[in-house]
Protein chains: 2
Amino acid sequence: MENALVKTESEQSNRYMVPGLIRGLKILQAFSSEKPFLGVSDIARELDVSRSTAFRLSLTLENMGFLKRVKHSKKYCLGLKVLDLGFKLLAGMDIVDIARPHMEELSENTKVCSHLAVRDGISVVYIARILGKHHTVSSVGVGTRFPAYATSTGRILLANLSIAELATLYEGIELKKITKNTPLTIGDLINQIEQDKSDGYTLSWETYEKNLASLAVPIRDNTREIVASLNVSCPTTTYSRSELLEQVLPELMQKAASISTALGYRH
Amino acid sequence: MENALVKTESEQSNRYMVPGLIRGLKILQAFSSEKPFLGVSDIARELDVSRSTAFRLSLTLENMGFLKRVKHSKKYCLGLKVLDLGFKLLAGMDIVDIARPHMEELSENTKVCSHLAVRDGISVVYIARILGKHHTVSSVGVGTRFPAYATSTGRILLANLSIAELATLYEGIELKKITKNTPLTIGDLINQIEQDKSDGYTLSWETYEKNLASLAVPIRDNTREIVASLNVSCPTTTYSRSELLEQVLPELMQKAASISTALGYRH
DNA sequence: ATAATTAGTTTTATATACGAAACACATTAC
DNA sequence: GTAATGTGTTTCGTATATAAAACTAATTAT
């Protein structure tokens with residue numbers, strides 16, 4: 001009972017959280033392509049709860065269709081119901097439907113891949129992708145997360161925050177050196193974002209991955225806030241830096257403007 | 001306290017279920033493209049729980065990233081974390097990775113859309129899609145669910161069950177007449193499935209949607225069970241019935257065989 | 001303007017979800 | 001073979017999550 005007081009350890013601060021739900025969701029998150037099958041005991045170890053609790057939680061998730069028993073085994077794997085949630089979210093995002101035709105034209109005209117992304121805390125989450133028909137294809141599928149500070153799309157989205165908000169957001173977060181071009185301090189990041197703002201675009205040349213170029217611009221809605229970022233990405237060999245800026249950027253900005261207009265933004 | 005005994009009403013039978021988790025998941029499922037924003041009171045009404053409970057559950061989901069407050073409002077919308085689960089599931093399904101290149105060839109050669117689907121109870125769930133380059137594109141995205149009895153892919157997947165299992169699965173389920181070709185009784189369905197089995201394929205001609213044709217075949221793995229269904233679909237005007245069977249079917253079966261082989265199936 | 005309604009949040013007494021221990025039955029060790 | 005460990009499941013007393021009520025702070029009605 002002496003550890004009843006030491007509840008602050010790694011748990012969320014709020015005293016209103018319901019443990020059954022936290023744990024249930026953590027179970028779903030515990031599954032991965034490396035660990036696709038977990039038994040009750042595995043789950044109990046993973047979450048540091050008793051086997052009886054793990055048992056009841058798993059049973060609940062199974063009954064709801066979020067977990068499935070694998071045939072002729074007592075182990076569980078993720079159930080197909082987990083797909084529903086994600087696709088319901090995307091279906092509700094009319095920005096995806098609005099943007100897609102423009103993105104298809106963009107990809108058709110530039111021959112490269114295009115992505116639409118939104119910010120979730122310090123992450124960029126990709127919510128739409130059009131594969132270029134004629135060149136190396138993107139491996140960034142819908143649902144992919146990247147650190148915002150290290151990607152062109154991410155920096156565009158961070159530009160919507162004030163310096164104070166940025167500082168709060170990145171308080172205690174370490175910026176990892178991914179390639180030679182990634183910002184290493186919040187100061188660096190803020191400077192880059194200020195530069196982006198005056199340019200109106202972000203060019204990332206091997207910032208997140210060697211040999212990968214990406215050019216991103218903001219999309220705004222009727223509130224005038226930056227709600228998404230539209231980008232094109234390709235190998236650094238497809239277009240040179242100047243070709244990207246001279247040939248691709250105007251096309252990209254025009255499509256972004258069309259999407260913003262469709263979302264109610266008045267220029 | 002008199003209603004404490006009447007717990008069986010619509011709740012799950014099992015006495016080990018943890019209510020906090022059930023309710024939390026039901027909250028996530030309550031959001032839809034028609035109702036993208038819900039407040040604490042809305043949620044309380046929707047789940048028939050007290051506002052204080054709805055409050056604590058929402059707070060928990062918010063802290064976990066599964067719900068987000070919409071700006072300048074107390075309402076919630078789905079958080080982007082829900083995407084993670086679905087895409088983790090798909091990433092773990094190596095059948096998708098294995099099938100995709102074959103599906104791309106298939107779509108390239110036949111010029112129409114191809115889908116890969118698995119069964120989840122009485123539903124078919126689509127887990128991969130390749131859009132045809134030259135014709136009307138499919139609106140059946142990854143994650144889409146359809147009633148298994150009414151689709152070609154679904155009937156192929158149902159063929160893996162014994163008649164007894166089929167009867168159990170559809171016990172108390174009403175088959176709705178979707179078009180003139182949908183089976184209306186379990187007897188009809190079983191007859192159709194028996195026919196499919198001897199044919200080795202299912203042709204659905206306007207079965208689920210007017211003007212839509214779909215041709216599906218089974219995919220088996222090392223256990224010799226039908227684990228997925230591969231199909232092509234197109235408007236009924238693209239290919240005639242006989243063209244589908246003579247030109248497209250051999251190609252489809254060959255690709256399905258390749259995928260089955262890659263999954264360990266020995267012919 | 002004022003009252004009435006509805007919203008989200010906080011408190012608190014009690015119904016209940018939880019961990020510990022026991023159980024049954026595998027699988028592995030020796 | 002038997003012992004030893006590991007698994008999923010069940011029971012049971014107690015710590016705790018919950019519903020009801022109280023409390024604010026917004027909206028809406030009048």
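All values below were derived from every heavy atom in this structure, side-chain atoms included, with hydrogens, water molecules and symmetry-related copies excluded. We name chains A, B, ... by the order of the sequence lines, and we start the count at 1 in each one.
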Residues which pass ring-ring contact (aromatic ring centres under 6.0 Å, His included) with F55(A), listed by chain and number, not counting sequence neighbours: Y16(B)
Under 3.5 Å, which protein N or O atoms sit close to an N or O of nucleotides 20-27 of chain D? Give each pair with its distance.
| unit_1 | atom_1 | unit_2 | atom_2 | d |
| --- | --- | --- | --- | --- |
| dA20(D) | N6 | S52(B) | OG | 3.3 |

Test of understanding: with side-chain contact (heavy atoms from CB on, under 4.5 Å), list the residues that count as partners of S258(A), not counting sequence neighbours. H102(A), Q254(A)
Once you round it to whole Å, what is the distance between P of dG8(C) and CD of E62(B)? 13 Å
side-chain contact (heavy atoms from CB on, under 4.5 Å) with P147(A): which residues, sequence neighbours excluded? Y149(A), A150(A), I178(A), Y208(A)
To the nearest angstrom, how far is L47(B) atom CG from dT18(D) atom C1'? 14 Å
To the nearest angstrom, the NE2-C1' distance between H72(A) and dA26(C) comes to 18 Å
Starting from C1' on dG8(D), measure out to CG on L38(A) and report it in whole angstrom. 15 Å
For D221(B), salt bridge (charged side-chain N to carboxylate O under 4.0 Å, His left out) partners two or more places apart: none
Which whole-number value in Å describes the distance from D42(B) CG to dT6(C) P? 13 Å
To the nearest Å, how far apart are F55(B) CZ and dA17(D) P? 15 Å
Does dA17(D) have OP1 or OP2 under 4.0 Å away from a side-chain N or O of R23(B)? no
Could you tell me the separation between the NZ atom of K75(B) and the P atom of dT9(C), rounded to a whole number of Å? 13 Å
Who are the side-chain contact (heavy atoms from CB on, under 4.5 Å) partners of A30(A), not counting sequence neighbours? L38(A), E46(A)
Atom of A256(B), atom of V217(B) and distance for their closest heavy-atom approach: CB-CG2, 3.5 Å
Going by an N to O cut-off under 4.0 Å, is there a salt bridge joining K35(B) and D42(B)? no
Are R56(B) and dT18(D) close enough that a side-chain N or O sits under 4.0 Å from OP1 or OP2? yes
Send over the distance from I43(B) CD1 to dT6(C) P, rounded to a whole Å. 19 Å
Does dT18(D) have OP1 or OP2 under 4.0 Å away from a side-chain N or O of Y16(A)? no
Which residue, Y76(A) or P19(A), contacts DNA chain D at a nucleotide closer to its 5' end, judged by nearest heavy atom? Y76(A)
